[in-house]
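Numbers here simply count residues along the sequence, with the first being 1.
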Amino acid sequence: QVQLVESGGGLAQAGGSLRLSCTISGRTFRPRAMGWFRQAPGHDREFVANIRWNGGHTGYAESVRGRFTISRDSAKTTLYLQMDSLKPEDTAVYYCAADSSIITSEMRNPDAYDYWGQGTQVTVSS
């Protein structure tokens, strides 16, 4: 059974930084791609960043490009999201997602991912 466990959320001031982690369990699972999504109250879940597990090609939402960095540690099967220059509008529950067969054109679509973490709250104060 595949499980994704997130950690690292919390409270930060505007301009500050947080680092999220997402660890995958499940011995035989090899992700093709992983992503970070977020959902603020009253809003749909939105794409933040994604990464191809092999090769490391990344993609970002325009709202976070230049401020957030997605990375992975293949040996630890862990995904990271380094969030710098945080803004109050970054406040949301952040989710990691993984899939073993997702195609490139679907990597920003949350419905295309089979596995999800439980979410971690990020709150940015002004």
Heavy atoms of Arg30 and Ser100 approach each other most closely as O-CB, 3.6 Å
Are the side chains of Gln121 and Leu11 in touch, meaning some heavy atoms are under 4.5 Å apart? no
- Message: Can you tell me how the ring of Phe37 sits relative to the ring of Tyr113, calling it parallel under 30°, perpendicular over 60° and tilted otherwise?
- Response: perpendicular
Determine whether Ser7 and Val5 make a side-chain contact, defined as any pair of heavy atoms from C-beta on separated by less than 4.5 Å. no
Tyr95, Ile70: one ILVMFWY side-chain cluster at the under-4.5 Å cut-off? no
Between Glu6 and Thr120, the two heavy atoms sitting closest are OE1-N, 4.0 Å
Between the CZ atom in Arg108 and the CD atom in Glu46, the distance rounded to the nearest 0.5 Å is 11.5 Å
Does one hydrophobic cluster hold both Val93 and Leu18, with members joined at side-chain heavy-atom distances below 4.5 Å? no
So CZ of Arg67 and CE of Met83: to nearest 0.5 Å the spacing works out to 9.5 Å
Of all heavy-atom pairs linking Val2 and Leu4, the shortest is CG1-CD1, 3.8 Å
Shortest non-hydrogen pair, Ser126 vs Ala14, comes out as CA-CB, 4.2 Å
Partner of Leu79 under side-chain contact (heavy atoms from CB on, under 4.5 Å), picked from Ser21, Ser71, Cys22, is Cys22
Axial cation check for Tyr80 ring with Arg72, 6.0 Å and 45° limits:
no
To the nearest 0.5 Å, atom CD1 of Ile102 lies from atom CE of Met107 at 6.5 Å
For Trp53 and Met34, the nearest pair of non-hydrogen atoms, with its separation, is CZ3-SD, 3.4 Å
CG (Asp84) and CZ (Arg19) are apart, to the nearest 0.5 Å, by 11.0 Å
Sequence neighbours excluded, the answer for ring-ring contact (aromatic ring centres under 6.0 Å, His included) partners of Phe68 is none
- Query: Are any non-hydrogen side-chain atoms of Leu20 and Gln82 less than 4.5 angstrom apart?
  - Reply: no
Output for pair (Thr104 OG1, His57 NE2), nearest 0.5 Å, gives 7.5 Å
**Request:** Examine distances only and state if a side-chain atom of Asp114 and a backbone atom of Asp99 form a donor-acceptor pair shorter than 3.5 Å.
**Result:** no
Is the number of heavy atoms from other residues, nucleotides or ligands within 6.0 Å of CD (Glu89) greater than 12?
-> yes
Note to self: For a ring-ring contact (aromatic ring centres under 6.0 Å, His included) check, start with the C-alpha distance between Phe47 and Tyr60, then their side-chain angles and the critical distance, and finish with the verdict.
What the structure shows: CA-CA 8 Å; Phe47 165 73; Tyr60 296 92; 8.1 Å; no
Rounded to the nearest 0.5 angstrom, the SG-CG distance for Cys96 and Asn50 is 13.5 Å
Side chains of Gln3 and Trp116: closer than 4.5 Å at any heavy-atom pair? no
### Query
Under 4.5 Å between any side-chain heavy atoms of Arg38 and Val64, yes or no?
yes
All heavy atoms of Ile24 vs all of Pro31, minimum pair found to be CD1-CG, 4.0 Å
Notebook entry, point to check: Checking Gln39 side chain against Asp44 main chain: does a donor-acceptor pair fall under 3.5 Å?
Noted result: no
Ignoring hydrogens and angles, tell me if any N or O in the side chain of Asp90 forms a donor-acceptor pair with the backbone of Lys87 under 3.5 Å. yes
Problem - Heavy-atom check, side chain of Leu81 versus side chain of Val48, under 4.5 Å - result: yes
